[in-house]
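What follows is a short report on a single structure.
Throughout, protein chains are lettered first and strands after them, A, B, ... in sequence-line order, and every chain is numbered starting at 1.
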Protein chains: 2
Amino acid sequence: MISESVDDYLKAILELGGAHDERVTTNALAERLGVRTPSVTGMLQKLAAQKPLLVLYEKHRGVQLTAAGKRRAWELVRHHRLLELFLHDVLKYSWDEVHDEAERLEHFISERFEDRVSAILGDPEFDPHGHAIPRKDQSGVFRDEATLAEWPLHKPAIISSVSDRNAASLRELERLGLMPGAALIVEQRKSSGALAVRLDGGPEVIRVNKDLAFRVLVGNRQR
Amino acid sequence: MISESVDDYLKAILELGGAHDERVTTNALAERLGVRTPSVTGMLQKLAAQKPLLVLYEKHRGVQLTAAGKRRAWELVRHHRLLELFLHDVLKYSWDEVHDEAERLEHFISERFEDRVSAILGDPEFDPHGHAIPRKDQSGVFRDEATLAEWPLHKPAIISSVSDRNAASLRELERLGLMPGAALIVEQRKSSGALAVRLDGGPEVIRVNKDLAFRVLVGNRQR
DNA sequence: GTTAGGATTTAGCTATGCCTAAATTAGTTA
DNA sequence: TAACTAATTTAGGCATAGCTAAATCCTAAC
Ligand SMILES: [Mn+2]
Ligand SMILES: [Mn+2]
Ligand SMILES: [Mn+2]
Ligand SMILES: [Mn+2]
């Protein structure tokens, strides 16, 4: 069996490696997982040594997932996003409350639980933050999204997803109406990195600070 | 924080100690938890030594829960039974499938999860096997139930609950119609311990083997 | 009262996964 | 090319929670 810790390493390697499976550094993993670098080295050595080979690791050269590692990591992502939507839609959590609970439970639900939740939700495609829910037993995909921080001025944008890693930011985004599906135009970019944004051709201009602007991912069209 | 292992020890001590908080032996715990006796001794020594005092332990004289230990143990029982009912009613698990999943998840759900599930289910009183769900932040109670195995002949009985620890037995009980709320009379007791049982004054007589008879708890009246 | 045998504890190990401090490596910069 | 530095690894520990083998305790039977 795969432990909760190993699970978290696999998911972090997947997410940090991005669309092209880039090698992930010891430092990046330590940072993401909130552990010290020697702990990461230790874990990677152990993983690279043992039987169901989940990672490819070369000393000083970073780590990548094997096919098996990728399979498990995507399964965790599916668990996480299904759980988030379930907590939100069925248990009436607000969208800033779902992440922490899903992060814990994703490791412990069974296949049956996963299947039943998916069925109840109608085999959904997106979680409450706009992230795509991978199909069962399939690799997910990384959409190529731009951050709102880097989006050109005056070019129409649709919010595709928002970062779910900070609850306070999520509450702020909700208050501002910056949620997946919202259409907007960036009207001005301050030297501080703050933006002036107009929602949906509406009347008000919204101030979006730099931090927040990096947490909003946008595209040209609906999803 | 209390680990999953400690949780399981507390719950086992509660259940083995029964209504009168009898001292629980090392052996009984080892048997119930599926670990070896030295592991139990080790755990009890550790628990008895550390800060939030959860158990009272005297060498060679068994172990009991403190008030704090009892509080945590009953909370776990509440989690377990709420989860079982939730899995059964909302996620459409059959009653023989709920126990194992609940046994795992009971340790990891938050207060919020507990509260939302309880609300969705309408603050329910009983789980799918007829066990009482303790009220939030309250000690549960041990009902004094008799097993069907020891119930007098020809005396009307109502099934109050059934053991949830064996899936095959649960399927058998369901097939026979021996479920919480069912009224019955024991018509005959074989030397093997098997019973002949008539449901609800109905026409058929059901054969209930000894093992099954010990898994069914009955009382005089509805709940 | 002794004593045998079952229950329990002690002693000593293992694996996981984290930590700090110290050593080493690799890549850049002078 | 040599040295510096940041990244990484090694060395040595700790806590949790399990295990086997061996010692010890308690009680019940003699
Ligand atoms: Mn999330
Ligand atoms: Mn996680
Ligand atoms: Mn159960
Ligand atoms: Mn459990």
Tightest non-hydrogen contact, residues A/R135 and A/D123, listed as NH2-O, 3.5 Å

### Task
Return no unless some side-chain N or O of A/R36 is found under 4.0 Å from OP1 or OP2 of C/dC18.
no

Dump the intermediate steps for side-chain hydrogen bond (donor to acceptor under 3.5 Å, both in side chains) on B/E172 and B/S169, then the final yes or no.
-> CA-CA 5 Å; B/E172 179 73 355; B/S169 299; over 6 Å; no

Of A/K59 and B/P38, the one whose closest nucleotide on DNA chain C sits nearer the 5' end is B/P38

*Just by distance, with hydrogens left out, do B/T25 and B/N27 show a side-chain donor and acceptor under 3.5 Å apart?*
no

Those residues at least two apart in sequence (or on a different chain) that pass ring pair (Phe, Tyr, Trp, His ring centres under 6.0 Å) with B/W151 are none

Within residues 39-53 of chain A, those residues having any heavy atom closer than 4.0 Å to DNA chain D are A/T41, A/Q45

Please report, to 0.1 Å, the donor-acceptor pairs under 3.5 Å made by any side chain of residues 31-44 of chain B, with sequence neighbours excluded.
unit_1 : atom_1 : unit_2 : atom_2 : d
B/R32  : NH1    : B/E15  : OE1    : 3.0
B/T41  : OG1    : B/T37  : O      : 3.4

Think B/R81 forms a cation-pi with B/F126, using NZ or CZ under 6.0 Å from the six-ring centre and within 45 degrees of its axis?
no

| query | What's the verdict on salt bridge (charged side-chain N to carboxylate O under 4.0 Å, His left out) for A/E97 and A/K92, showing C-alpha distance, side-chain angles and the deciding distance? | reply | CA-CA 10 Å; A/E97 293 168 339; A/K92 305 304 175 191; over 6 Å; no

task: Please state whether the phosphate of C/dT9, meaning OP1 or OP2, lies under 4.0 angstrom from any side-chain nitrogen or oxygen of B/Y57.
output: yes

The first and last nucleotides of DNA chain D lying within contact of chain A, meaning any atom under 4.0 Å from one of its heavy atoms, run from D/dA7 to D/dT10

Residue set satisfying side-chain hydrogen bond (donor to acceptor under 3.5 Å, both in side chains) with A/T26, at least two apart, ordered chain then number -> none

* Asked: Does A/S5 make a side-chain N or O approach to OP1 or OP2 of C/dT16 shorter than 4.0 Å?
  -> no

When every non-hydrogen atom of B/A48 is compared with those of B/V55, the smallest separation belongs to N-CG2, 4.0 Å

In 5'-to-3' order, the base (B), backbone-only (S) or no-contact (-) status of each nucleotide in nucleotides 2-7 of chain C, using a 4.0 angstrom heavy-atom cut-off, is -----S

B/R61 CZ to C/dT8 P, in whole Å, measures 12 Å

From the list B/H129, B/H79, B/H131, side chain to side chain donor-acceptor pair (under 3.5 Å) with B/E84 holds only for B/H129

Go through the steps for A/D211 and A/R215 under the test salt bridge (charged side-chain N to carboxylate O under 4.0 Å, His left out), then give the verdict.
CA-CA 7 Å; A/D211 173 68; A/R215 294 180 182 276; 3.1 Å; yes

Here the distance between atom C1' of C/dC18 and atom CG of A/L33, to the nearest Å, is 12 Å

